[in-house]
Student: 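Have a look at the structure that comes next, please.
A, B, ... follow the sequence lines: proteins, then strands. Residue 1 opens every chain.
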2 protein chains.
Amino acid sequence: MSIPASDADDSVSAGELSARYDTFVVDLLGSIAYGELSAFERLAIDARHSPSLGDRAVLGKMAVSEFGHYEAICARLNAMGMDPELAMAPFVRMVDSFHERTRPADWHESLMKAYVVETITEEFYAAIAEHLDDATREAIAGVHTSDEQIETLTSLLKTMLAEDPRLSSRLALWGRRMVGEALTQVQRIGAKHSFLVGLRPDATQEQAAAEVQTILSALTRNHSKRMSKLGLTA
Amino acid sequence: MSIPASDADDSVSAGELSARYDTFVVDLLGSIAYGELSAFERLAIDARHSPSLGDRAVLGKMAVSEFGHYEAICARLNAMGMDPELAMAPFVRMVDSFHERTRPADWHESLMKAYVVETITEEFYAAIAEHLDDATREAIAGVHTSDEQIETLTSLLKTMLAEDPRLSSRLALWGRRMVGEALTQVQRIGAKHSFLVGLRPDATQEQAAAEVQTILSALTRNHSKRMSKLGLTA
């Protein structure tokens with residue numbers, strides 16, 4: 001596996017850096033794989049809140065594409081000689097608990113959750129992938145919600161908000177909770193699994209922390225822009 | 001739409017037969033579409049009982065292919081100029097209540113339910129499709145669980161039963177409940193929606209009832225054979 005150019009100091013051997021990088025990539029792919037598998041299940045479940053059978057299929061379709069992402073990331077882990085199940089295992093509890101804390105109460109919240117979580121997750125992966133080797137970057141690029149699906153979600157949310165203006169404050173609040181939980185999640189996983197600290201295997205803790213901060217700020221900023229487009233206060 | 005050759009008596013006009021046939025096909029496709037959509041959701045939910053992440057993906061994969069079937073049947077309904085949502089609507093309550101009554105308590109029951117319901121449903125569709133026009137038959141033939149998936153289910157069930165012999169009597173009982181509920185379901189839908197009575201639009205009530213009985217007997221017989229292969233009493 002190729003490793004991004006390193007300007008590490010001499011105290012860390014190339015072998016150690018390489019091992020650190022591999023662990024980082026396996027952790028990252030394992031967390032993405034489990035994230036996608038559980039997104040598949042949660043979307044399939046949340047779809048049942050839908051007011052109509054047609055709407056129900058919108059989240060169903062998203063669920064199906066999450067499952068495809070899950071399979072693709074597992075294939076990449078297998079190609080690396082890693083057991084996907086082992087790679088995913090460390091992330092099961094955190095991801096499950098995220099979903100427990102953000103269980104939508106109705107169709108409005110289900111749609112909003114799908115929208116916020118999909119867009120942020122994707123931007124997060126994209127930001128991290130920039131630093132990685134080609135094969136990993138390519139695998140992560142495949143985990144992409146189609147623009148068409150995001151468009152559908154956006155337009156459903158807009159219609160919903162236009163039809164019932166009282167929804168705005170509730171969904172704005174719900175959106176804030178989603179984004180707060182999602183970013184907390186990212187930081188927690190990062191802290192526990194050498195995850196974000198591994199962005200550049202040769203970076204110091206301080207450099208890594210600064211980089212993570214930059215990514216989180218960008219995620220928050222873009223989230224606020226999306227909320228504004230929906231007419232909501234982020 | 002072509003109609004199977006008719007030897008109806010003169011009291012029923014060709015136009016009336018044709019309308020009756022169309023209603024029958026739309027009812028049939030509507031019930032299949034909703035059956036597949038809800039199978040998708042239930043399998044995704046039941047997958048969460050799995051003991052390992054690998055097993056969880058087995059039901060997940062089946063769920064995904066059910067969603068594909070749902071989309072294919074909707075496409076056929078659209079091609080016929082029918083609204084899939086309207087076609088599905090009459091079957092929502094019955095199908096949902098079937099799933100409520102057969103909610104698996106654990107992973108063993110989830111797998112068994114998937115196996116029994118998939119195989120019986122498929123044989124049922126195949127039996128009915130024999131009587132139908134080419135386009136409908138083709139659409140229904142697409143609703144087919146892959147042999148590979150059935151093989152996987154069978155081998156998971158066999159391993160499970162070999163590892164814990166005490167499971168046999170519980171799963172045999174559960175299998176019987178499943179098949180009983182499934183056949184009751186078929187008869188109920190049939191009675192309410194001119195469903196099975198429409199097998200031959202020109203048949204009398206008695207002829208239709210006899211034909212239905214033949215189909216149900218065949219389904220039961222094949223189910224018993226499958227249970228025997230698993231070493232279970234049907």
Student: Most heavy-atom pairs under 4.5 angstrom with chain A, which of B:A47, B:P84, B:S52, B:A63?
Tutor: B:S52

Student: If you count heavy-atom pairs under 4.5 Å with chain A, which of B:C74, B:S38, B:A44 comes out on top?
Tutor: B:A44

Student: Is A:A33 in contact with chain B via its backbone, its side chain, both, or neither, using a 4.5 Å heavy-atom distance?
Tutor: neither

Student: Between CD1 of A:I73 and CD1 of A:I32, what distance do you get to the nearest 0.5 Å?
Tutor: 5.0 Å

Student: Identify which part of A:D96 has an atom lying under 4.5 Å from any heavy atom of chain B, answering side chain, backbone, both or neither.
Tutor: side chain

Student: What I want to find out is whether B:D106 reaches B:R170 closely enough, with some N-O distance under 4.0 Å, to be called a salt bridge.
Tutor: yes

Student: Evaluate whether atom CD of A:E100 has more than 12 neighbouring non-hydrogen atoms of other residues, nucleotides or ligands under 6.0 angstrom away.
Tutor: yes

Student: Output the option from A:F67, A:Y34, A:Y70 having the highest count of non-hydrogen pairs under 4.5 Å with chain B.
Tutor: A:F67

Student: Do NZ/NE/NH1/NH2 and the carboxylate oxygens of B:E138 and B:R76 come within less than 4.0 Å?
Tutor: no

Student: Charged N to carboxylate O below 4.0 Å: is that the case for B:R226 and B:E123?
Tutor: yes

